[in-house]
Amino acid sequence: MLDIKYELKKHIIEELNLQDIKPEDIIDDAPLIGEGLGLDSIDALELVVLMEKYYEVKIMDEVVGRKVLYSIDTMVEFIQQENPKFK
């Protein structure tokens, strides 16, 4: 599970152009949007696209999206539930 977390963090940094941030800087259970990593709603949309692109999972509604995009831990949990090849 650590590998998928590290990979996800690398994708987030790369796709969102988060300069001066390393995967180790992103805390697994810290909020990504708002106070945690400081991402905004545009970044959240990019995270949804990122999950489809790299992990072949779709977030189909806003309520689910808010829960899934809360942290690295919640994103990985969703990816593993929705796509068995990442278990």
Side-chain angles (χ1 to χ4, degrees):
M1 179 140 76
L2 290 177
D3 292 337
I4 190 173
K5 287 182 183 183
Y6 189 80
E7 179 184 86
L8 178 60
K9 290 175 186 183
K10 282 180 23 182
H11 289 310
I12 290 171
I13 291 166
E14 197 174 286
E15 294 287 327
L16 300 180
N17 289 324
L18 300 177
Q19 299 172 349
D20 302 326
I21 294 181
K22 294 179 248 152
E24 303 80 39
D25 297 334
I26 302 173
I27 300 166
D28 292 346
D29 62 353
L32 295 173
I33 298 169
E35 77 259 6
L37 194 54
L39 303 181
D40 61 21
S41 58
I42 302 296
D43 295 323
L45 290 174
E46 290 187 51
L47 290 177
V48 170
V49 172
L50 176 152
M51 290 181 72
E52 288 182 26
K53 177 178 175 181
Y54 293 106
Y55 301 101
E56 302 166 7
V57 297
K58 292 185 183 236
I59 298 173
M60 300 304 282
D61 96 22
E62 190 177 328
V63 174
V64 172
R66 288 179 197 267
K67 291 178 186 173
V68 170
L69 300 178
Y70 179 76
S71 69
I72 295 296
D73 284 343
T74 56
M75 290 178 74
V76 168
E77 184 179 319
F78 182 77
I79 291 166
Q80 290 178 328
Q81 283 175 349
E82 298 295 312
N83 190 337
K85 92 176 167 188
F86 291 102
K87 284 192 179 193

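Note that the structure is a prediction, hence the values are computed from the model and not measured. Note that these values count all heavy atoms, side chains included, but never hydrogens, waters or copies made by symmetry.
Between Lys5 and Asp73, the closest side-chain pair of non-hydrogen atoms falls below 4.5 Å. Annotation: side chain of Leu8 is in contact with side chain of Leu50 (closest heavy-atom distance under 4.5 Å). Residues Tyr55 and His11 form a side-chain contact, since some pair of their non-hydrogen atoms from C-beta on lies under 4.5 Å apart.
Under a hydrophobic-cluster definition in which Ile, Leu, Val, Met, Phe, Trp and Tyr are linked whenever side-chain heavy atoms come within less than 4.5 Å, directly or via other members, Leu45 and Met51 are assigned to different clusters. Val64 is connected to Val48 through a chain of hydrophobic side-chain contacts under 4.5 Å among Ile, Leu, Val, Met, Phe, Trp and Tyr, so both are in one cluster. Note: the hydrophobic cluster containing Ile21 also contains Leu39 (ILVMFWY, side chain heavy atoms under 4.5 Å, direct or indirect links).
No donor-acceptor contact under 3.5 angstrom links the side chains of Glu77 and Tyr70, judged on distance only. No side-chain donor from either of Tyr54 and Glu7 sits under 3.5 Å from a side-chain acceptor of the other.
Here OH of Tyr6 is found 12.5 Å from CG of Asp28. Values are rounded to the nearest 0.5 Å. Interatomic distance, Ile59 CD1 to Leu47 CG, rounded to the nearest 0.5 Å: 8.0 Å. In this structure, Leu16 CG and Ile42 CD1 are separated by 11.5 Å, a value rounded to the nearest 0.5 Å. Distance check: Lys67 NZ to Phe78 CZ gives 11.5 Å after rounding to the nearest 0.5 Å. Annotation: the span from Arg66 atom CZ to Asp61 atom CG amounts to 10.5 Å, rounded to 0.5 Å. Atom CE of Met75 sits about 6.5 Å away from atom CG of Leu32, to the nearest 0.5 Å.
Nearest heavy atoms, Glu15 versus Glu46: O-OE1, 3.5 Å. Heavy atoms only, all atoms of each residue included: Ser71 and Ala30 are closest at CB-O, 3.3 Å.
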Verdict with reasoning, Ile12 to Ile72, per side-chain contact (heavy atoms from CB on, under 4.5 Å) = CA-CA 10 Å; Ile12 290 171; Ile72 295 296; 3.6 Å; yes
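We find that Asp25 and Lys9 are not joined by a salt bridge, their nearest charged nitrogen and carboxylate oxygen being 4.0 Å or further apart.
Crowding of Ile27 atom CD1: a count of heavy atoms from other residues, nucleotides or ligands under 6.0 Å not exceeding 12. Surrounding CD of Glu62 are at most 12 heavy atoms belonging to other residues, nucleotides or ligands under 6.0 Å away.
Under the 3.5 Å distance criterion, the side-chain polar atoms of Gln80 are left unmatched by any main-chain donor or acceptor of Lys87.
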